[in-house]
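Structure in structure tokens, see below.
We count ligands from 1, going down the list as the structure has it; atoms in each ligand are counted the same way.
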Amino acid sequence: MIRIYNTLSKKKEDFIPLEEGKVRMYVCGPTVYNFIHIGNARPMIVFDTVRRYMEHKGYEVNFVSNFTDVDDKIIKKANEEGVSAEEISRRYIEECKKDMEGMNIMPATTHPLATQEIDGMIDMISSLIEKGYAYAVNGTVYFRTRRFESYGKLSHKNLDDLQAGNRSLLVSGEDEKEDPLDFVLWKPKKEGEPYWVSPWGEGRPGWHIECSVMSRKYLGEQIDIHGGGEDLVFPHHENEIAQSEACSGKTFARYWMHNAFLNIDNRKMSKSLGNFFTVREISEKYDLQILRFFMLNAHYRSPLNFSAELMEASKNALERIQTAVDSLKYSAEHALAEDLTEAETELLKGAEKFETDFDASMDDDFNTADAIAAVFDLVKYANTHTGGDSSRAFARALCGRIQNLCDILGIITEKKEELLDAEVEGLIEERQAARKARDFARADEIRNLLLEKGIVLEDTREGVKWKRA
Ligand code: AMP
Ligand code: ZN
């Protein structure tokens, strides 16, 4: 039985899906105005692993994750570059997908775009108005927060405390609201911004309504799991609950999961603090498998501090698994004996324990750190019990088991053959130096080496350019 820590109850609960054998899961995706940073990558890796584990357990998972492609930050970036907001979001969705692929994150069943779902948003806002949960003033539509009685149940906040904390809003020109706690569902357009026509005038949706609508459209009124980073608990997820439940009269999501932050120097990594690395930057120095492995070495609800030392440690640890797999593969092809001996059959039975440990760790609120420890136990067992006289079948079986466990975590056990960007650039520099020193033999050697790895060089007037063939 899988147990999940539910932010709603602050307890681990048995996971019982709405529909037997199926999981409906929604994860809030990134706002696409730049390359994603490795903090944004944490929920992607965490929830992809949750999905993979659910699939391993035999569930059919409908996994929906949006791209927020209309937002102040996107508009600002578009204005800075003098291009349309659509061009910015399209560009960074493409880049995000490349990063996801590098981290071995499976594409969602559906990746809806907020801008393609405006009709559904207008529809939901209209029904909230009809039901008395929302009202329009001068082209803005607000949600009537106090009408929704259980507001605050996810973040465990009390409305009166919120009101006290929100007093500043009363003087910030938002006096058209009935109550400072009310939040925006639709806002009127400003000059130079993208807009859509609505019953309340030209404008665009608020951020919270997007997820309520996309989740309902692709997964139905009720879902099993809703996920995101812990900064989304309040107000974003609290508001999603208010909108969705006010509209349907039903419980929206049964299990709310939140990952803790990826920190740097013990502060949240974020674009606004400027203390971030993009996934792309990391990919120049490391195979992104190492980043994934690093993230999964911590429990998703524990804060994780990013450092070069920890990345190096992850690199070495992952290499230990890859080396074991390589050598088992070699034995599986080259060993003299073909069939399992009786002793090997017994040893394979003995190794089942590691798979049981792995599943027990994952069942316990997706404890990937302990699950990885079980993989290492299996690797050690394989290293200890295989040798020159092992059979091919034995090596094949152990190799398959290690690979299966790694696959559930989304970890690829093959060593990456490709050169990293930083390695390519290092070699190009070396080639330039060789040419300068008139060592043309070495320069050609480097060119050929790069060619073998699929890197094509082009000597231009501005210097050497390179691309992957
Ligand atoms: P945003 O693009 O800021 O809406 O963030 C997209 C997702 O990344 C959300 O689920 C955030 O909670 C999550 N996120 C942002 N920064 C971090 C961080 N430093 N650590 C973990 N998750 C983060
Ligand atoms: Zn959301």
**Prompt:** Under 3.5 Å, is there a donor-acceptor pair linking the side chains of Glu221 and Ser248?
**Reply:** no
**Prompt:** What protein heavy atom sits nearest atom 6 (C) of ligand 1, and how far away is it?
**Reply:** Asn40 ND2, 3.7 Å
**Message:** Report whether any nitrogen, oxygen or sulfur of His237 sits less than 2.8 Å from the Zn ion (ligand 2) (N, O or S, backbone or side chain).
**Reply:** no
**Prompt:** Do the two ring centres, one from Phe35 and one from Tyr92, sit under 6.0 Å apart?
**Reply:** yes
**Request:** Apply ring pair (Phe, Tyr, Trp, His ring centres under 6.0 Å) to Phe306 and Phe294, showing your working.
**Result:** CA-CA 9 Å; Phe306 180 80; Phe294 158 78; 5.6 Å; yes
**Complete:** shortest atom 20 (N) of ligand 1-to-protein heavy-atom contact is with Leu262 N, 2.7 Å
**Asked** Do Arg146 and Gln163 get their side chains close enough for a donor-acceptor pair, meaning under 3.5 Å?
**Response** yes
**Asked** For atom 11 (C) of ligand 1, what's the nearest protein heavy atom and its distance?
**Response** Asp231 OD1, 3.5 Å
**Item:** atom 2 (O) of ligand 1 - nearest protein heavy atom and its distance
**Value:** Thr31 N, 3.2 Å
**Message:** Can a donor-acceptor pair be found, under 3.5 Å and without considering hydrogens, that links the side chain of Thr110 to the backbone of Val64?
**Reply:** no
**Message:** Distance to the ring centre below 6.0 angstrom and angle to the axis at most 45 degrees; does that hold for Lys57 and Phe15?
**Reply:** no
**Request:** Measure the distance from atom 19 (N) of ligand 1 to every protein heavy atom, then report the residue, atom name and distance (to 0.1 Å) of the closest one.
**Result:** Met269 O, 2.8 Å
**Request:** Looking only at protein heavy atoms, identify the closest one to atom 9 (C) of ligand 1 and say how far it is in Å.
**Result:** Leu232 CD1, 3.8 Å
**Prompt:** Any N/O/S atom of Glu240 sitting less than 2.8 Å from the Zn ion (ligand 2), backbone or side chain?
**Reply:** yes
**Message:** So does Arg254 get a backbone contact from the side chain of Asn6, meaning a donor-acceptor N/O pair under 3.5 Å?
**Reply:** yes
**Item:** Per atom 22 (N) of ligand 1, closest listed option by heavy atom (Gly229, Gly228, Gly39)
**Value:** Gly39
**Message:** Taking the six-membered ring of Tyr5 as reference, does the cationic atom of Arg301 (NZ for Lys, CZ for Arg) lie under 6.0 Å from its centre and within 45° of its axis?
**Reply:** yes
**Asked** Has Cys28 got an N, O or S atom lying less than 2.8 Å from the Zn ion (ligand 2)?
**Response** yes
**Prompt:** What are the atoms of ligand 1, with element, lying closer than 4.0 Å to any heavy atom of Asn259?
**Reply:** 21 (C), 22 (N)
**Item:** Shortest protein heavy-atom distance from atom 13 (C) of ligand 1, along with the residue and atom involved
**Value:** Pro43 CG, 3.7 Å
**Asked** Does a side chain donor of either Asn66 or Thr68 reach within less than 3.5 Å of an acceptor in the other side chain?
**Response** yes
**Asked** What are the atoms of ligand 1, with element, lying closer than 4.0 Å to any heavy atom of His37?
**Response** 16 (N)
**Item:** Per-atom contacts, ligand 1 versus Ala260 - under 4.0 Å to a heavy atom
**Value:** 21 (C)
